[in-house]
Amino acid sequence: MTAALMATTPGGLLLVLAVVVPVIGILALWLVRARDIEWVAIATLAVNLFLSLATLQAVRASDAPLVYLVGGWLPPLGLALRVDGIAAVLMAMTGAIVAVTALYARGQFGFDPQGPERRRPMVFWTMLLAITGALNLIFAGEDLFNLYVALELLTFAAVPLVSLDGSRDTLEAALRYLVFALAGSVLYLLGVAVIYGAYGTLDLVVLSEIRGAEGALLLAIALMTAGLIAKTALFPLHLWLPPAHAGAPAAASAILSALVVKGSFFLILRLWFDLLPPGLGTIGANGLGLLGAGAVIVGSVLALRQARLKLLVAYSTVAQIGYLFLIFPLATGSEAASPFASLAWTGGVLQLLAHAFAKAAMFMAAGLVYEAIGHDRIDGFRGLGRLAPITVLTMTLAGLSLMGLPPSGGFSAKWLMLSASLGEGAWWWAVVILAGGLLAAGYVFRILMPAFSTPDAPAERLHPVALTRELAALSLAVIAILIGFLPLSPWPLLAIGRLIQVSP
Amino acid sequence: MLGLALDLLIAALVIGVALWTVRTRDDFAAIVGFVAYGLLLTLAWARLAAYDVALTEAAIGGGVTGVILLRASIRLKPVATARKPIGARILVGLLCAAISAALAAVVLLPMTPAPSLAIEVRTHLASTGLGNPIAGVLMAYRALDTFLETVVVLLALFGVWSLTPDAAWGGRPAMAVPAAAFGPLPLFGRLLIPVGIVIGVYIVWVGADAPGGKFQGATILAAMWILAMMAGLTQAPSIGRWRLRLLLAAGPIVFLAIGLAGIPLAGAFLAYPEALAKPLILLIEVALTLSIAATLGLLVAGPPDVTPGVEP
Amino acid sequence: MADALTVAAVIVLAIAAVGLVRVLRGPSRIDRMMAVQLLGSGSVAVLVLLAVGSGTDALVDIALTLALLAAFASIALATTLAQKATAAAKAEHAPGTPAS
Amino acid sequence: MTALVALFSTAAIGAGIIFFLAGTVGLIRFPDGLTRLHALTKADNLGLGLIVIGLLPLSSSVGMALKLVVIWALVQFAGATVAQLIARVARSTERGE
């Protein structure tokens with residue numbers, strides 16, 4: 001597709017609505033009565049889920065990306081929104097996880113329908129809507145500065161969730177997160193400036209046609225990738241993630257770990273597979289793969305050593321993010337004509353999906369465990385299986401996917417990545433994937449073994465938990481398993497509308 | 001030649017003050033250094049003929065950021081900060097130097113003349129009824145960015161509010177100043193604030209056709225509001241008040257409403273019907289000015305610390 | 001005449017820059033504050049000299065903004081110093097209050 | 001532009017520069033806070049004032065000239081207030097010590 005031929009497609013308005021509806025929700029939250037904020041937020045997220053599913057359906061049906069020219073101006077002068085196959089899949093994933101999280105979070109944070117407005121529910125719902133809108137824009141954005149605005153929105157919405165509890169520790173974690181995220185923003189913005197200076201445009205479609213192998217492009221992509229890595233918490237820039245994700249309330253942790261880090265990761269994918277001329281990125285791609293491998297090993301080992309469930313789950317995020325970065329060496333090294341048609345590419349996207357659902361389920365379950373027994377120390381989990389069977393089932397299913405045991409989304413993802421690495425003769429990545437799986441099995445069993453054992457004394461449940469909340473967490477874990485039933489072959493949906501790479 | 005001397009002097013001062021500000025250990029001294037840095041940066045942008053940016057830097061750097069930092073420094077308790085180990089400092093220094101060198105190489109090495117959208121921006125400007133190309137970019141071509149940035153500013157304020165102690169939610173920020181020591185301040189406020197409001201409105205108004213605009217003007221208005229609070233002429237409002245919330249949300253709401261109306265009336269989201277483009281853009285700018293001014297003022301005032309209902 | 005005005009601008013800026021030594025050296029916070037105020041006035045002077053020299057209206061608007069807000073920043077600095085002084089007076093018995 | 005106007009402007013701006021110089025020298029050389037303050041306020045008010053007076057006949061429009069006067073008035077007014085505040089702060093910190 002050439003930029004000159006770009007025009008708003010039927011259904012393009014869905015993209016505008018996906019960005020605008022969460023914003024309308026935020027503005028409404030501020031103006032409605034205190035008792036109405038919950039249902040306003042949930043209604044907004046329901047509409048958002050509908051919009052994201054409609055977008056996915058429209059992309060599948062038309063077998064082409066959806067495009068909307070904002071203000072009717074053609075890029076590069078104006079801004080366009082564009083959703084291709086992979087973006088549509090991720091939008092639908094976000095819509096689903098956010099909607100289920102909303103059900104889980106209903107009535108939490110001291111929300112009192114009769115009383116005055118409270119700080120924590122108000123902040124939570126506002127920021128949840130903001131994260132939804134920001135992620136939709138990250139998936140739909142096509143202009144690098146527009147995407148920067150989306151990143152800012154995402155950061156400013158995510159940081160307050162970390163310190164929602166207001167304790168000293170969470171404030172410190174939030175501040176550290178903010179510093180990492182802002183440093184990342186600065187690097188990204190520098191890259192944007194370099195690209196505008198060199199090419200006079202920031203539109204990805206236009207850029208993919210005119211860019212060559214100039215130093216400016218390489219420098220810009222290096223700067224932006226470094227910034228985005230800091231936001232994604234790739235090893236060794238992962239230091240901010242465990243305290244931030246473990247200190248937030250469970251519903252917020254689920255969103256932060258499952259979705260927020262994926263936003264910046266998705267932009268790295270865009271840069272490397274849409275913008276970088278093919279053949280140039282081999283060294284860099286191997287470097288990213290190496291960092292990913294480091295994350296898999298270090299994150300898993302640290303997860304094994306945690307005494308508290310939430311910290312363990314947070315370190316597991318560090319490890320699982322590592323797998324995502326194996327896409328870069330595997331997909332660029334693949335022999336298929338287009339990297340998007342390769343096994344590795346599909347494997348990477350499946351890993352992203354499976355981890356998002358499994359991790360959200362895991363954090364929600366961790367929150368439920370805390371409510372059931374009043375703490376989340378793993379050595380005190382004996383008898384948990386009798387006390388909270390649904391929650392332990394949730395952890396088991398999500399754990400299966402994190403370990404990569406069949407049948408689960410995690411298994412399919414790792415299987416495809418293994419096949420890709422063996423097919424390319426890059427056996428060392430296969431070693432990393434297998435070792436990571438074994439370590440994950442170690443930390444998942446550390447949780448499950450005591451949970452399934454019989455307690456010395458009959459344990460008592462501290463607080464009753466609404467069944468809907470347990471089912472919300474379970475449903476996400478079930479989806480993580482169901483993803484494993486997708487066919488184990490490249491997924492044509494993901495290749496829809498990808499910018500075709502032509503050597504300049 | 002003379003221009004070059006001036007530019008070199010400004011550049012040297014900018015770098016020197018920046019280095020000193022980074023190195024100094026005393027927080028008050030660092031803030032003063034940062035204000036000086038903002039002044040010099042204003043001159044630098046002015047010399048680059050980026051008048052809109054210079055105006056923004058003058059308004060933000062000269063006024064609001066200094067006050068935000070100062071208020072933060074009052075809240076902080078003095079702590080002895082340990083110096084980072086020498087190895088880490090060298091590593092950071094090397095990284096920064098490498099990035100700077102790479103940037104310098106990209107910017108300075110001879111390249112084919114960089115393409116620019118400047119001509120196209122001017123060509124289409126007539127259809128928006130605006131005279132300032134920057135305003136055209138902000139309000140027409142990239143209106144989506146501008147709209148979302150106003151949401152970002154609003155979220156930033158909400159982020160600040162999220163640090164409120166639970167009991168003070170819905171209360172107001174205190175701007176405690178030892179009033180007895182400040183004889184001339186209320187008088188100064190009464191005289192300066194009207195002048196400042198006139199200047200702020202003028203900067204917003206002139207923005208349609210010349211450098212200036214809603215953001216810069218709103219910053220000046222916010223500064224005047226903060227001055228009124230510092231001089232004890234007025235109090236910060238309670239954040240739970242519905243009218244305040246409406247004022248904060250008014251800019252995005254008007255922007256969004258006009259943007260959505262563009263879908264049936266002008267064929268696209270955030271498109272303006274040609275005959276009405278200029279009045280609609282002005283309407284948005286006025287609403288945004290009020291909202292941004294209120295948001296910035298409250299950002300400086302900080303999270304509420306006065307429990308609602310405790311005092312009249 | 002434009003050249004002469006540019007020369008004047010360079011000289012004013014250089015003078016104000018020398019005053020910056022007080023920001024650097026202190027010793028008291030008040031000295032730092034006065035030096036930054038001098039730089040503020042100097043910057044306004046530089047901008048009006050350049051504005052008239054080149055006939056650029058926008059530069060006058062920048063100078064106007066700076067003049068309005070330089071005062072604002074100085075007042076904020078002064079009130080902060082007063083607040084810190086009161087806080088220090090309250091914590092009179094606490095040893096080792098920083099006085100730089 | 002007549003030679004007379006040029007002469008007047010040059011003289012006024014030159015005088016303004018001298019006052020700026022005096023202010024800086026005072027700021028650096030004078031022994032204590034209050035005398036430095038004295039030097040500073042005289043300098044930036046008179047210095048900027050003379051420069052503005054020198055620029056008035058050169059300005060391209062009445063509007064510009066008007067703005068120049070407003071700028072000077074603002075700096076003058078602010079300088080006076082800030083000097084008062086600084087003096088008060090200086091006195092109270094001296095007492096505190």
Side-chain angles (χ1 to χ4, degrees), chain C residues 1-2 4-5 8 11-12 14-22 25 28-31 33-35 37-38 40-42 44-49 51-57 60-61 63-64 66-75 77-82 84-86 88-89 92 97 99, chain D residues 1 5-6 9-10 13-14 16-17 20-28 32-34 36-37 39-41 43-45 47-48 51-52 54-56 58-61 63-65 67-68 70-79 81-90 92-93 95-97:
Chain C
M1 200 67 199
L5 293 181
I11 297 173
V12 170
I15 291 171
V18 174
L20 272 179
V21 171
R22 273 284 171 223
R25 284 225 318 256
S28 81
R29 293 180 163 177
I30 292 173
D31 291 318
M33 224 188 100
M34 289 192 291
Q37 214 207 329
L38 180 68
S41 307
V44 171
V46 169
L47 285 171
V48 290
L49 284 166
V52 174
S54 63
T56 313
D57 265 314
V60 187
D61 289 345
L64 191 62
L66 217 52
L68 184 66
L69 293 179
F72 169 75
S74 299
I75 285 165
L77 287 167
T79 50
T80 308
L81 278 183
K84 289 206 162 192
T86 346
E92 214 168 356
T97 19
Chain D
M1 188 205 313
V5 170
S9 293
T10 312
I13 293 172
I17 288 175
F20 261 105
L21 186 64
T24 299
V25 170
L27 191 59
I28 289 178
D32 65 282
L34 287 178
R36 285 185 208 137
L37 177 64
L40 169 73
T41 47
D44 64 4
N45 291 343
L48 186 67
I51 288 178
V52 164
L55 288 175
L56 283 180
L58 303 177
S59 52
S60 52
S61 65
M64 192 186 249
K67 281 192 225 166
L68 289 179
V70 174
I71 288 171
W72 175 68
L74 279 173
V75 172
Q76 171 90 335
F77 182 43
T81 312
V82 172
Q84 279 254 15
L85 291 177
I86 290 177
R88 277 163 190 262
V89 173
S92 70
T93 43
R95 269 191 206 146
E97 273 162 7

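The structure displayed is predicted, hence computed values, not measured ones.
Of the atoms belonging to D:Ile51, it is side-chain heavy atoms, and not backbone ones, that fall under 4.5 Å from chain C. C:Ser54 does not touch chain D: none of its heavy atoms, backbone or side chain, sits under 4.5 Å away. With a threshold of 4.5 angstrom between heavy atoms, C:Ile11 approaches chain D through side-chain atoms but not through N, CA, C or O. Both the backbone and the side chain of C:Leu49 come within contact range of chain D, judged by heavy atoms closer than 4.5 Å. Heavy atoms closer than 4.5 Å to chain D are found in both the backbone and the side chain of C:Val48.
With a 4.5 Å cut-off on side-chain heavy atoms, D:Leu68 and C:Val52 count as touching. Side-chain atoms of D:Lys67 and C:Asp61, non-hydrogen and from C-beta on, do get closer than 4.5 Å to each other. Within the 4.5 Å cutoff, the side chain of D:Ile71 has no heavy atoms near those of the C:Leu47 side chain.
Atom OG1 of residue D:Thr24 and atom CG of residue C:Leu38 lie 4.5 Å apart, to the nearest 0.5 angstrom.
Counting heavy-atom pairs closer than 4.5 Å to chain C, the top residue among D:Leu74, D:Leu55, D:Val75 is D:Leu55.
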